[in-house]
Amino acid sequence: MIVVMKKQASLNQLKTVVKEIKSHGFQIHESHGQEKIILGCVGEVSVDKIQLIDHFSALSGVEAVRLISDPFKLTSREFHPENLVIGLNGIEIGGERITVIAGPCSVEEENESLKPAEIIKKAGAIGLRGGAFKPRTSPYSFQGLGKKGLELLSLARQQTGLLVVTEVMNVNQIAVVEKYADILQIGARNMSNFDLLKRIGKSSHPVLLKRGESATIDKVLLAAEYIIHQGNNQVILCERGVVGPTVTKYTRYVADISAIPVLKKKTYLPVFFDPSHSTGYRDLILPMSLAAIAAGADGLLIEVHPHPEKALSDAQQQITPKEFAELMKHLKKVARAIGRTI
Ligand code: PEP
Ligand code: MN
């Protein structure tokens with residue numbers, strides 16, 4: 001249930017309304033928009049509580065009381081009508097500017113894989129990605145450098161000013177990743193790791209939450225709800241492809257471009273697209289990045305490696321720094337066409 005306060009409601013009226021709602025067993029999350037204050041009331045609205053809607057509507061300062069029909073409440077655009085803009089080191093994610101995060105699939109030895117950071121920055125990216133803890137299908141594949149990888153990322157941040165985005169695979173890794181990274185990534189395989197989502201919800205770091213490979217849109221939004229419910233609403237959603245009947249040898253997953261406008265409609269959170277994992281092949285990165293931007297994505301997460309063919313993970317889908325710089329030029333044209341910058 002949401003309670004929308006009148007634009008001219010006083011602080012005292014707000015306090016009284018909050019107190020009254022809480023006294024009926026609801027938890028309150030406040031959304032302070034430019035126009036209005038909306039109170040997200042979390043708790044079961046049982047049949048006998050339905051009459052509370054009339055009761056709350058009659059309180060002074062209240063404009064409207066509505067039930068949110070979707071299963072996700074605090075993630076819903078009804079609760080927070082304006083887009084969420086996440087501010088980090090003077091950079092805004094989710095605003096008018098499209099923000100691009102690029103870097104290798106995995107951070108590899110001797111900083112080699114992070115060498116392109118400078119080119120990535122110059123080309124217009126705002127963030128550097130790279131896995132230090134890697135979720136791999138085979139236990140015999142490269143598992144990431146762990147803490148050493150985080151240190152290399154942090155060094156690259158010092159040198160370039162790029163924001164660092166890297167994956168957290170389990171609850172025990174959160175503290176160390178928080179120390180080195182600006183944005184915590186939850187990978188597709190962990191989108192339904194509810195303990196991890198709950199604990200990340202207590203972090204003060206923004207979170208990049210990737211869609212599970214067979215998750216419906218509602219499941220993605222409920223995963224975000226787990227995080228927001230714990231107090232952290234700095235969540236960026238990322239479409240990264242789903243399994244489906246059209247997955248053939250030509251693509252790794254089905255890139256669900258339509259998820260972008262659907263998510264933008266259902267939620268206020270920034271929506272990113274990952275052309276690398278969703279397609280699996282480097283020649284598809286450019287066209288799918290352009291498509292995602294045209295469809296309304298707020299940002300992209302792209303794998304870039306100095307020598308893609310030698311990469312220790314996802315070699316087929318990584319592009320070179322030069323190809324990345326070229327891609328950014330093309331993106332600028334689409335961004336301009338839809339009235340955004342990059
Ligand atoms: C990644 O971005 O490093 C990654 C492992 O992707 P996903 O979780 O989408 O498979
Ligand atoms: Mn990868």
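Each ligand, and each atom within it, is numbered from 1 in the order the structure gives. Each residue takes its place number in the sequence, starting with 1.
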Practice prompt. Could you tell me whether K36 atom NZ has more than 12 heavy atoms of other residues or ligands within 6.0 Å of it?
Written response: no
Worksheet item: If you measure from each non-hydrogen atom of E213 to ligand 1, which part falls under 4.0 Å: side chain, backbone, both or neither?
Response: neither
For [X], counting its heavy atoms only, list the atoms of ligand 1 lying under 4.0 Å from any of them.
| X | value |
| --- | --- |
| E167 | 5 (C) |
| G187 | 8 (O) |
| A188 | 7 (P), 8 (O), 9 (O) |

So do [Y] and [X] actually touch side chain to side chain, heavy atoms under 4.5 Å?
| X | Y | answer |
| --- | --- | --- |
| F133 | Q143 | no |
| I2 | I68 | yes |
| K266 | F72 | yes |

Practice prompt. For K264 and D298, run salt bridge (Lys or Arg N to Asp or Glu O under 4.0 Å): C-alpha distance rounded to whole Å, both residues' side-chain angles, the deciding distance at 0.1 Å, then the answer.
Written response: CA-CA 9 Å; K264 293 295 296 177; D298 296 301; 2.7 Å; yes
Worksheet item: In terms of residue, atom name and distance, what is the protein heavy atom nearest to atom 6 (O) of ligand 1?
Response: K210 NZ, 3.0 Å
Worksheet item: What is the nearest protein non-hydrogen atom to atom 4 (C) of ligand 1, stated with its residue, atom name and distance?
Response: H277 NE2, 3.5 Å
Worksheet, complete the sentence: With rounding to 10 degrees, D314 OD2, the Mn ion (ligand 2) and E303 OE2 define an angle of 130°
Worksheet entry | Closest to atom 9 (O) of ligand 1 among R129, M169, R211, R240 (heavy-atom distance) | R240
Fill in: Residues forming a ring-ring contact (aromatic ring centres under 6.0 Å, His included) with H229, sequence neighbours excluded
H29
Fill in: N or O contact, D274 vs ligand 1, cut-off under 3.5 Å
no
Discussion item. Let me check something: do I98 and I91 share a hydrophobic cluster, defined by ILVMFWY side-chain heavy atoms less than 4.5 Å apart, either directly or through other members?
Written reply: yes
